[in-house]
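Each chain gets a letter, A, B and so on, in the order its sequence line appears, and its residues count up from 1.
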Protein chains: 2
Amino acid sequence: MATKCSQCPLRRHPLFKAMSDHDVKAMQRFKVGELIIEAGTPVLIEGSNSPQLFTALRGMGIRYKTTLDGARQVVNFVFPGDFIGLQAGVMGEMAHSVEASSKMTLCVFNRSELWTFFKTYPERAFDITWLAAVEEHFLGEALTSIGQRSALEALSWALLRMFIRAEQIGLVHNRSVAMPFRQQDLADAMGLSLVHTNKTLSKLRDQQLADWSDGYLTINDKDRLAAIAKTEPDLVPSRPLM
Amino acid sequence: MATKCSQCPLRRHPLFKAMSDHDVKAMQRFKVGELIIEAGTPVLIEGSNSPQLFTALRGMGIRYKTTLDGARQVVNFVFPGDFIGLQAGVMGEMAHSVEASSKMTLCVFNRSELWTFFKTYPERAFDITWLAAVEEHFLGEALTSIGQRSALEALSWALLRMFIRAEQIGLVHNRSVAMPFRQQDLADAMGLSLVHTNKTLSKLRDQQLADWSDGYLTINDKDRLAAIAKTEPDLVPSRPLM
DNA sequence: CGATGATTTGACGAGCCTCAAGGTACGTGG
DNA sequence: CCACGTACCTTGAGGCTCGTCAAATCATCG
């Protein structure tokens, strides 16, 4: 049985911008169903033009691109509340692939109705643009991390980012959160080798800054980690939820 | 005397999606003036909430972020036709700064009218989202370049990108284009040191792949450069012009 | 209980960074 | 008209971070 938008468990988190009843009803009309997929399942493929758009409701995944010689760049990690497929929706083609890293539940929308949606609900159209801007914001930060920070700093930044995002949607219990990603995913995200990523993670563990092991990420002192990452542990601004 | 949108010299380039008369008139109503600035002038500051949005009409610039310890990441280069200030427009705050690298002419829009604009012209609202998606597409590619490619490959990619973009708006004459950027800008864009960037650029010059000197970028064989960059010299898809 | 995938550890070398100095072009003022 | 300052580009030397190669350990699963 599909979750009703009015009952959406995500919306109550302060991370997300408040929605009017009108907005919620608009989403309910736009939503055509739910999709449950297992870990490892591809959701969208780079270069494809999916007929459907999604919002992650439960579970996590990765967005990634592959180069001609087979290297993989993880562009971002997908958390509950993330909108998937916007590029195909407006440009007609995805610039990256999306794959589930854990079992996921996705809200499904029809791409063919996106334009009607823009005309009918300008508030929600504005919110979709907002989401695109949030993604641009994040990618700029990621670029800065890979380009300007050392491996230790970059990984600190990445772990802190993921942890705070998980915190904001209530996934952190006892300073820990379940992380279904592999070290290879993190390495591909930060442009580091798997070996060096592994060694740097154990350095963070030794220094009691962040412990990622056995599928759980534990962070005790966010401020100290933020100092290493040369960033501020500022609250990520609230964003719309589609 | 400000250029009328109906006379816009950019729109005729095939890079930009065709606009209906209705769209052009919408833009004319949205545009409140033109701004001419000298090289080195800041346009928008990271963290600020500008009351104005811009479209680059002439000249070039850079988008950049600075870290707490003073390092600079150039996020993108601004070319004629680029929309500036979208993040402030929807999120209320810029995630990066924008600065002119040459003398620039900017079309000016009022941020306060953006929402009205979304309601009144859903086609153009859709196009603004498209532009945001294009930027996201680019940042994903940039991330891949910095993360997965060697200095030689990354610089090849960057030069090729800039060259093709310039070509698409008619700035290339005799296989050359005027580039107002410094080597430091390019270094900060690719996460490399100035010294190594310089040495790598002369390697590209020695191998007759790309010659960036005296303020001009010259590329004779795009395919060969693309092969080094491990990318395809594919035409960038057309995009909307605001 | 072998097969597969993920994590861990060590050794070694290369790509890139830092430091340092010199070169060139250009503007400014004495 | 030349000395000087500034901004940018260029080149060399040396060292560190990080990548590559290789192999061992561990967990999961059929």
Side-chain angles (χ1 to χ4, degrees), chain A residues 38-40 62 67 69-74 99-103 145-159 178-206 210-218 228 230, chain B residues 38-40 62 67 69-74 99-102 145-156 158-159 178-206 210-218 228 230:
Chain A
E38 293 303 315
I62 54 175
T67 61
D69 61 334
R72 185 181 74 150
Q73 174 70 39
V74 170
E99 187 179 305
S101 295
S102 69
K103 183 172 180 177
S145 285
I146 298 184
Q148 309 299 328
R149 297 195 238 259
S150 69
L152 190 74
E153 294 164 359
L155 287 176
S156 300
W157 172 83
L159 294 182
M179 281 286 173
F181 309 111
R182 295 163 302 168
Q183 291 190 359
Q184 184 71 64
D185 297 327
L186 193 55
D188 288 346
M190 304 316 294
L192 299 167
S193 72
L194 171 61
V195 172
H196 197 64
T197 300
N198 180 285
K199 287 172 180 169
T200 307
L201 282 178
S202 43
K203 199 174 289 182
L204 284 172
R205 207 175 297 133
D206 291 346
D211 184 340
W212 183 2
S213 47
D214 305 319
Y216 280 84
L217 170 63
T218 308
I228 300 289
K230 288 177 178 163
Chain B
E38 294 302 316
I62 53 175
T67 61
D69 62 335
R72 187 180 74 150
Q73 174 70 40
V74 170
E99 188 180 304
S101 295
S102 70
S145 286
I146 299 185
Q148 309 300 328
R149 299 196 237 260
S150 69
L152 190 74
E153 294 165 359
L155 287 176
S156 299
L159 295 183
M179 281 287 173
F181 310 111
R182 295 163 301 168
Q183 291 190 358
Q184 184 71 65
D185 296 328
L186 194 54
D188 288 346
M190 305 316 294
L192 299 168
S193 72
L194 171 61
V195 172
H196 197 62
T197 300
N198 179 284
K199 287 172 181 170
T200 307
L201 282 178
S202 44
K203 200 174 288 180
L204 284 172
R205 206 175 298 132
D206 292 346
D211 185 339
W212 183 2
S213 47
D214 306 318
Y216 280 84
L217 170 62
T218 307
I228 300 288
K230 290 177 176 162

Is the backbone of A:Asp188 close enough, under 3.5 Å, to the side chain of A:Arg72 for a donor and an acceptor to pair up by distance?
-> no
Between A:Ser193 (side chain) and A:His196 (backbone), is there a donor-acceptor pair under 3.5 Å?
-> yes
Using a cut-off of 4.0 Å on non-hydrogen atoms, how would the nucleic acid contact of [X] be classed: base, sugar-phosphate, or nothing?
X        : result
B:Gly215 : nothing
A:Thr200 : nothing
B:Gly191 : sugar-phosphate

Below 3.5 Å, does any donor atom in the side chain of A:Lys199 face an acceptor in the base of D:dG19, or the other way round?
-> no
Candidates [options] - which lies nearest the side chain of [X]:
X        : options                : answer
A:Leu192 : D:dG19, C:dC16, D:dT11 : D:dG19
B:His196 : C:dT8, D:dG19, C:dC16  : C:dC16
A:Val195 : C:dC17, C:dT9, C:dC16  : C:dT9
B:Ser150 : C:dC19, C:dC16, C:dT7  : C:dC16

Spacing of [X] atom [atom1] relative to [N] atom [atom2], expressed in whole Å:
X        : N      : atom1 : atom2 : result
B:Leu186 : C:dC16 : CG    : C1'   : 15 Å
B:Gln184 : D:dT6  : CD    : C1'   : 16 Å
B:Gln148 : D:dC18 : CD    : C1'   : 14 Å
B:Asp188 : D:dC8  : CG    : P     : 12 Å
B:Leu155 : C:dC16 : CG    : C1'   : 12 Å
B:Phe181 : D:dA7  : CZ    : C1'   : 18 Å
B:Leu194 : C:dG22 : CG    : C1'   : 15 Å
B:Lys203 : D:dG12 : NZ    : P     : 13 Å

What distance do A:Thr197 atom OG1 and A:Met190 atom CE have between them, rounded to the nearest 0.5 Å?
-> 9.0 Å
Could you tell me whether the phosphate oxygens of C:dT7, OP1 or OP2, come under 4.0 Å of any side-chain nitrogen or oxygen in A:Asn198?
-> no
Between C:dT8 and A:Gln183, is there an OP1 or OP2 to side-chain N/O distance shorter than 4.0 Å?
-> yes
Carboxylate-amine/guanidinium contact A:Lys203 A:Asp206, below 4.0 Å = no
Of A:Ser213 and B:Leu152, the one whose closest nucleotide on DNA chain C sits nearer the 5' end is A:Ser213
Check whether any side-chain heavy atom of B:Leu192 sits under 4.5 Å from a side-chain heavy atom of B:Leu155, and report yes or no.
-> yes
